[in-house]
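Every chain is numbered from 1 and lettered A, B, ... according to where its sequence line falls, protein lines coming before strand lines.
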Amino acid sequence: MNIDLILFIILALVAIATALGMLLSRNAVYSALFLVLNFATVAVFYLLLGAPFIAMAQITVYAGAIMVLFLFVIMLLGAEQLAPSKVIPAQKWVAGGLAFILVAETVYLLTVRGVPAGNILQPAESANSLGFLQQMGMMLFNEYLLPFEITSILLLVAMVGAIVLTKQEKGGQK
Amino acid sequence: MPQSSDFQTILPLTILTVWACVLLLVDLFIPKTQKWITATLAAAGLAVTLGVTLAQLGGPASTGFSGMVVQDGFSTFLNALQLVCGLLGVALAFGYVKRMGLERGEYYTLLLFSVIGMMLMVQAADLIMVFLALEMLSIPLYVLAAFNRTQSASEESGLKYFLLGAFSTGFVVYGIALVFGATGTTNLAGILASAPTSGLLLTIGAALILVGFGFKVAAVPFHMWTPDVYQGAPTSVTGFMAAGAKIAGFAALLRVFSTAFPALAVDMTDILWALSALTMIGGNLLAISQSDIKRMLAYSSIAHAGYILMAFVPYGNPDVAPVSIAAGLFYLVAYAVTNFGAWGVVIAMEKSEGRGLAISDYAGLAKKHPVLAAAMTVFMLSLIGFPPTLGLVGKFYLFRAVLSGGFVWLAVIGVVTSLISAYYYLRVVVTMYMHEGEPTVEREFWLDFTWGLSALATVVLSFIPQALFVMASSALLK
Amino acid sequence: MVPVNFYIILSAILFTIGAMGVLVRRNPLIIFMSIELMLNSANLAMVAFSSAIKSFSGQIFVFFVIAVAAAEVGVGLALIVQIFKSRHSINVDEMNNLKG
Amino acid sequence: MLFSETTSSGFFFLAPWIVFFPLIGLLTNLIFGGWFMKQPWGEKAIGWIASAASGAAFVASVLLAYSLSLNHGEVVRWTLGQWIHIGELELDWTFRVDTLSTTMMLVVSGVGTLIHIYAIGYMHEDVRFKSDLGRYQRFFVFFNLFIIAMMILVGGDSYMMLFVGWEGVGLCSFLLIGFWYDMDTLARPSWANSNAAKKAFITNRIGDFGFLIAGFIMFWYLKSFQFDQAFEAAKSMPPEIIVAITLFMLIGVAGKSSQIPLYVWLPDAMAGPTPVSALIHAATMVTAGVYLVARSAPLYTLVPQAQYIVAMTGAVTALFAATIAVGQYDIKKVLAYSTISQLGFMVAAVGMGAFVAGMFHLATHAFFKALLFLSAGSVILGLERGHHHLAHHGHGDHHEEVFDPGDMRNMGGLRKTMPVTFWLYMIGTLALAGIFPFAGFWSKDEILLDASLHYPTVYILLTIAAFFTAFYMGRQIWMVFFGQPRHEAAAHAEESPLIITAPLMVLAALSVLGGLLNLPFEGFHNLTHWLGYTLEEVEGLPLNLQVAGISTILALIAIAISWFIYGRNPLKKGQADPLKKPLGLIFTGMENKWFVDEGYWAVFVDRYIDISRFLADVIDWKFWHDFVHDKVIAGTYNWLANIALNDYADQKGINAFFDGWGKVTQWLSATTRKVQNGFVRSYALSIMLGVVLILGYLLLK
Amino acid sequence: MNFFSEPLTLMTFFPLVGVLVLLFLPSDKKNVLRWTALVTSLITFGISLWVLTMFRSANPDLQLVAKYDWITVAGWNIQYHMGVDGLSILLVLLTTFLTPISILSTWTAVEERVKDFMIFFTLLEVGMLGVFLAQDLFLFYIFWEFTLVPMYFLIGIWGGPRRIYAAIKFFLYTMAGSILMLLAILFVGIQAGTFSVPDLAANLSGMYASGLIDPKTQMMLFVAFAAAFAIKVPMWPLHSWLPDAHVEAPTAGSVILAGVLLKMGTYGFLRFNIPLFPNATIAAAPWIALLATIGIIYGAAVSYAQSDVKKLVAYSSVSHLGFVMLGMFALNAQGISGGILQMVNHGLSTGALFLLVGMIYEQTHTREIKVYGGLWKITPVFGSIMLIVALSSMGLPGLNGFVGEFTILLGAWGAGMDGGSFAPMGGVWWAGLSALGVIMAAIYILFMFQRMFLGPQGEIVDEVKKHGHALRDLNWREILTIVPILIFIFWIGLYPAPFFNLMAPAVDKMVAALQAAAMAMH
């Protein structure tokens, strides 16, 4: 048993625990915070996998910006906790069953059926170097230029959408 | 660096995008009561783009942006179709939004962005592009569905669509990840060329992507959002969404599967078969019990997704696929044309606050507005697949393809479910012609134009479908 | 040396937990968070694969996913806020006027 | 001789005119009759036009016969046009003039014309008694139509053309039996006459069914419907085929000529006006069966076993009907059963191969039975007049009871009030009873003689029948004309005018002299000789004194017995039939026609009605329409669709059938709709389910 | 395309001109609308007579063919292919003949939404003519399905109290059959590479001979086609829609439904099933004969027990069309010719029956047989005409019905003998039992005639009087409506030769082809 594996298992347990925490918390704020933790754990994974740029993006965009937005909205709406309701009680059990099957299927796929073979290699040295980032930037603006531009438009659309949805109309019907 | 040839491949897209962005700004200066200008400008943009697109027709296929996008007969055909959908979407909305008090310039820009997403979807040649295009088309639609903020139904519709859409996107992303894991690339052509490390991983990735598309085209069991969203969304949005999003979903499905996954046909054919059968059965059966016309048409659109899916079942069989897929594309066109007409009639009948949407509200329509009733009859007949409408030609083409692919039982399910469908479509006709009532109808030029044109096209094109056939067959992926 | 399968299994578990969140929670915000978790787990798988086969494109894909997630969040939260404003409740179980 | 289309000389061109003349009469009366009826002379005009049309046909027949005799009896065909030509099937409208058909034409048009003339007078009164003058025109139209059909029947050169006439006369029979379709014979509103008409047509159709089957077999084995070709082909056929053809044909004969088991319609047919009974139900149409057998002589002679069956059918019918005739009270009913009985004689004759005898009896019977019927009509009219007279002279109470002028129990003593009719009736009776030298004697004896030579059983049956014949005719004479009137109307009966009695006199003359046609003496076998041209096997038998003697003596004895019973002590008003007591149940049987009608009703008619009601109401409607289609098919649909949601009156109709199912349906449809419950989470669950299933399938495959 | 060189096209689509005119006429000018429709249909009838003059009866093949490529792209091979031959010419004439008569019959019967009615009716004519003329399966299918639509409206809008139920049932039943046919059409088209009927016959026979299509497949195709046609005919036991549709339909609708639409089913058998699947035809013939015979007997028995006169006539159609089916599947010249002629006869007789029933219904508003009685006395002309038509319907010799029934039964009997198509099962029993239908027809027809026209005056007479007007006899328009039919009833009955001559070569050709197929089988 090597050290990578031990580290992986510990982190994986943390990730799963935080995810479950998100899932099971009664309070939405706790859920959000668990999720932030989870994202941070995943960021560590990214680092381990030799993807420091993604790890950074994960921390700043996800854990930082997005989750803060979430928390903000939760607070704003006061929606930490919902009144309990008894509708569709079977949902929980069916969902649990399906989730279990889904996990089982994945595990079966990856262990019994044995795909995919191969290990994660030690991250290349260059991964953490500046050259790597540069290379990635070049790719973004060459090969992935179009997706990049489209992403920008997508964000614009999202912005417009958000405004449309929330803008108080002057003299509107409301 | 991108070359000018790269931009050549996305020329219509570029034009429309620029136009949309400009319109976003221009709209700020258009007074609130003059929003018809925005609509006209949006339509003009779509029309110009359509012209450019049509000019590309028959041109050579090319890829651009390092294989991110592709422009070929398929994309041109479907882009043109999407643009027409966009135009009709504007026409449907023109008076409706004003009548319903929703008139805001963003409606049209969002619609344009959605069309951009659809076009992008058609042209995408990389899973990244597919994913982005999916979002690009969906996000404006989420907003549009919730556009009528005064109606809680509209909000509910928007939220449901959004949550479920995002949920299904999760599967798509995971699927892309698995495909990437199996092949090491996200490029469609690259996937085909690669030697996957594991066929099963690739298959499962493909299946998860299929779930995403299944959601977009409303295939059973990923369909459940459809009736609620169609019902809750403003009708003009619904009309646009029912055709546009469906076309885009099918286009991408086709592009992805026949470019990247033809080798998976062995497994996928069974799944597509089952999806298609379930969708036809489920859609038609559930439609029977609807009393709200929007819900009924929603289920009908589900059912039709099933029919179109039939054509995709043999996508991996090189002998059958071309005919079959051409049939699917043809049917898409037939469906789109009919669909706009039908929703146009629904809009003409709709009153504010969601009244006028029950099927029983159509009673007596034939007496008071014979032309409108006749048009609606044409649409209903077309949806059943009855002459003299495009629906029949489409079904004929489709079943022929399915049969020549050897899927006799699928064809049988298809025809039997069409028989079932006749019942609920006829109910609308019965109500219009054989029940007494005093319906009132909103007449406005562009709306009349939409359903009138659709009715005319539905009938006339059924007699001269060659051009469409040629286009549909030439639109095949090489 | 961690087999890539371990990462995939982890991501699958996280994904499933996310999906469970969508299925069982009634707070749209938490549902939304669950969806984010699902995307995140997909990203994890992507990066793991990317690392295993030494290709950057996986990482770039993840980058786009994050960007799209941000866009979705923008729209989604706006929608939820708007709904709260008009209904004073965001319980999705109370949003079942459309059905049948 | 086959296909000898020698039509060069003579009046053969008149062949189709035997049909066209009556057709002209029919059309004239049909088109202008309405106008005629408005004229004071209109009735006469109509009657005479119709009679003239029939008379012209008679003249044409005479000329045809004359030409034929010049032609030495050589058959002549006159083709009018194509009818049905498909492949081997070649049917033409071809008239056949040979001695057999000409004989029939003469009888039909001759007797027909007389009865037409009679009807001018009879119907004049009849329509007045029944107060519907308009029907006068209709009567003559139908009458001419009948002549047309009958002429086609006898003039056709193929079985199928014969069949056209065959069904055509059936139609006319229907129309004329139901002439007073809205009442019974006593002018009361009723279904009786129309029921009788319907019964006649349907029974005839049963016979026609047999004819058709015979035709099919004939065509596919003999390859032709044309007489000569068929006969020629039959010679080389295995006898089973011919047996089948002839026996199926016998069904047709039984229907048309009212033989057992299909005779039941004829007595009811007396509901028609008396001229109809005389012309159609005594003289002509009912003899069509006899003609058919004679016509098919070459077929029947090939198969003796079939001949025997035919002969026995005729003989049994003759006796059976004669017994019933004894128990009847209606003057026409007696004659009707007598007709059946006499037809039995004829059928027996032609069955035995005594075709000439059969045809001879056919002709004489036409004369004397027409005479009898018409005289009976005269009697009835006389009583009607008497009744009318009473009604007009203040005997108001007679209006209360319904007076039946045909019931012999209302008659008596008419000899004095209606002397002409009485004498005419006597002649007819004597002819029928077979008393020397009346026509009936000669023809009946020829039949009996033949039977005694070939078929002893038949002979015995026929002889007994002959005895009964004389008896019931005697009974009738005593009851009608002798004794005292048993009803005021009979007492005031008036003799009929000349227009009615004149044709009767002609017929009476024929009844007396009819025997001359074929006297059983060397050199007088005129008819035998004449028919010999057409029928190959004919033998002119000499008079056999033994047979003639026995039958005559028996007849005389029968008349004597009848006098003993009915003449010596005339029936009193309201007195039961004297035979009733001694014979008991047997007489009840006779009176009630041996309950055959009731039996048929119980066995066939009621069952048919039951079955068709069952099929229609239970099988077709309740089971097939309502249950399978509406409940199972549409119901499954409902179940899927929950149509109840939509407020359609029509579906409520369907739902009425679902009372039992109602709750189940609702529950099921509610469950179905529960899935689409509006909860986002459930929808997501569905997506998840799809994913799990697809992955599961891929993994386990 | 010059219309005058394309008489069939001109004839088929001429009614559309009428539709166009009707569309622009004001809907309150009822008489103008009626006249327009009538004149349109009369001109169409005129064109059909013109077609008849150009039709060469000696030619067994398709004539006056209009054949153009229509949809030939993308592996399609669909043509606009119209033609007429001996099998269809009479039905075409029947259609153009009955349409003006039906329109005339609506003169006073239809007062509501006259414009719509006339438009649908005229459209219906286009569909019917197309069905009989189309020689391309796709084209045929379009016309075939299209006829449903106007008929659906005719029943559903102008029908009786349960009209919507009847209309939907009519629509769904017919469609249920035709969708199976659609699949078979596609299958055949794919296999043989063409949809053109004459080409198909040639191509398919080659494929049967070479074993490309095995007998089982052939039989399945036969059944799929038969499903559509048998429902339309309707063959027992698929007749359940018929009483509903007939009873609820307006008079003109019933006339056309019985007169022409049902013939589309029998014609379909003749045009498609028999020539395209000869071996299956031969194999199926005894089974069809069984169903036809049951239909004949059953229909006649059930007719008798009806209390509604329209229903009675409707069930009688089941019986009559059983005869047609029996004749056609006798597969000999007599049977097929008789079958075709009987289609025409049934169209005339039953059409006329419905017309007459409609005429009295217009006055009394009831179809209950039991309330009638003694009508002949009150309405002599009506009664007499009814009698003739009834007699024609029950097959009295000298009238048209007999010629058809007789030749059919004759053919069927021949088919039952050695070497005939019914010989393997049932033999002559089918013809023998079917001949019982002749008796049973007399029973129900006479029952109907007696109960309505004979006997004492029915209660309806007084009932009508109570509403202030007495029952009247037929007026001139009504007589004019019915007399043309009467002429043909007599004409066909007395001199059917011209009618048989029209079809004889085509029938002979078909019989010869069947014999060849039978030879090849052994």
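Ranking S303(E), G432(E), G373(E), A412(E) against chain D, the residue ahead of the rest is G432(E), based on heavy-atom pairs under 4.5 Å. The candidate with the highest count of non-hydrogen atom pairs below 4.5 Å against chain D, out of Y495(E), W413(E), F500(E), is W413(E). When the candidates I84(D), N193(D), I619(D), L212(D) are compared by the number of heavy-atom contacts under 4.5 Å with chain E, I84(D) comes out ahead. Heavy-atom pairs under 4.5 Å with chain E were tallied for F614(D), W180(D), W93(D); the largest tally goes to W93(D). Contact count against chain D (heavy-atom pairs under 4.5 Å) is highest for R451(E) among K169(E), R451(E), M417(E). Looking only at heavy-atom pairs under 4.5 Å with chain D, the residue among A431(E), G395(E), A441(E), S384(E) that has the most is G395(E). Of the listed residues (G398(E), G414(E), G374(E)), the one with the most heavy-atom contacts under 4.5 Å to chain D is G414(E). If you tally non-hydrogen atom pairs under 4.5 Å between each of M160(D), R135(D), E88(D), H85(D) and chain E, the highest count goes to M160(D). Counting heavy-atom pairs closer than 4.5 Å to chain D, the top residue among V428(E), L391(E), N332(E), L341(E) is L391(E). The residue among P189(D), G168(D), S194(D), A197(D) with the most heavy atom pairs within less than 4.5 Å of chain E is S194(D).
Below 30°, between 30° and 60°, or above 60°: for H625(D) and Y165(E) the angle between ring planes is above 60°, a perpendicular geometry.
Residue contact with chain D, scored on non-hydrogen atoms closer than 4.5 Å, is absent for M503(E). Contact annotation for T407(E): only side-chain heavy atoms (C-beta onward) come within less than 4.5 Å of a heavy atom of chain D. Using a 4.5 Å cut-off between heavy atoms, R188(D) does not touch chain E at all. When heavy atoms are compared at a cutoff of 4.5 Å, W241(E) does not approach chain D at all. When heavy atoms are compared at a cutoff of 4.5 Å, D508(E) does not approach chain D at all. Contacts between A504(E) and chain D at a heavy-atom distance below 4.5 Å are absent for every atom of the residue. Of the atoms belonging to I609(D), heavy atoms from both backbone and side chain fall under 4.5 Å from chain E. For F499(E), no part lies under 4.5 angstrom from a heavy atom of chain D. Residue contact with chain E, scored on non-hydrogen atoms closer than 4.5 Å, is absent for F248(D). Contact annotation for Q457(E): neither backbone nor side-chain heavy atoms come within less than 4.5 Å of a heavy atom of chain D. When heavy atoms are compared at a cutoff of 4.5 Å, P243(E) approaches chain D solely by way of its side chain, counted from C-beta outward. Heavy atoms closer than 4.5 Å to chain E are found in both the backbone and the side chain of I217(D).
Between F163(D) and F406(E), the distance from one ring center to the other does not fall under 6.0 angstrom.
Atom NZ of K223(D) is surrounded by more than 12 heavy atoms from other residues, nucleotides or ligands within 6.0 Å. Residue-environment remark: CH2 (W429(E)) stays at or below the threshold of 12 foreign heavy atoms within 6.0 Å. Residue Y600(D) qualifies as enclosed at atom OH: its count of foreign heavy atoms under 6.0 Å is above 12.
Not counting sequence neighbours, the partners of F453(E) by the ring pair (Phe, Tyr, Trp, His ring centres under 6.0 Å) test are F382(E), F449(E). Taking S421(E) as the reference, A285(E), L331(E), A415(E) meet the side-chain contact (heavy atoms from CB on, under 4.5 Å) condition, with sequence neighbours excluded.
Here the shortest heavy-atom pairing between I439(E) and R205(D) reads CG1-O, 3.7 Å. Between L494(E) and W83(D), the shortest heavy-atom contact is O-CD1, 3.3 Å. Scanning all heavy atoms of the two residues, the minimum distance from D182(D) to G455(E) falls at CB-O, 3.0 Å.
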Subject >> Stepwise side chain to side chain contact (heavy atoms under 4.5 Å, CB included) test for Y608(D) and Y304(E) >> reply: CA-CA 10 Å; Y608(D) 183 80; Y304(E) 174 69; 3.9 Å; yes
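At least one donor-acceptor pair closer than 3.5 Å links the side chain of Q334(E) to the backbone N or O of I86(D). A donor-acceptor pair under 3.5 Å is formed between the side chain of W220(D) and the backbone N or O of L410(E).
Q450(E) places none of its side-chain heavy atoms less than 4.5 Å from the side chain of Y181(D). Looking at heavy atoms from C-beta onward, Y315(E) lies out of side-chain contact with L615(D) at the 4.5 angstrom threshold. P380(E) is listed as a side-chain neighbour of R138(D), based on a closest heavy-atom distance under 4.5 Å. Looking at heavy atoms from C-beta onward, H239(E) lies in side-chain contact with D620(D) at the 4.5 angstrom threshold.
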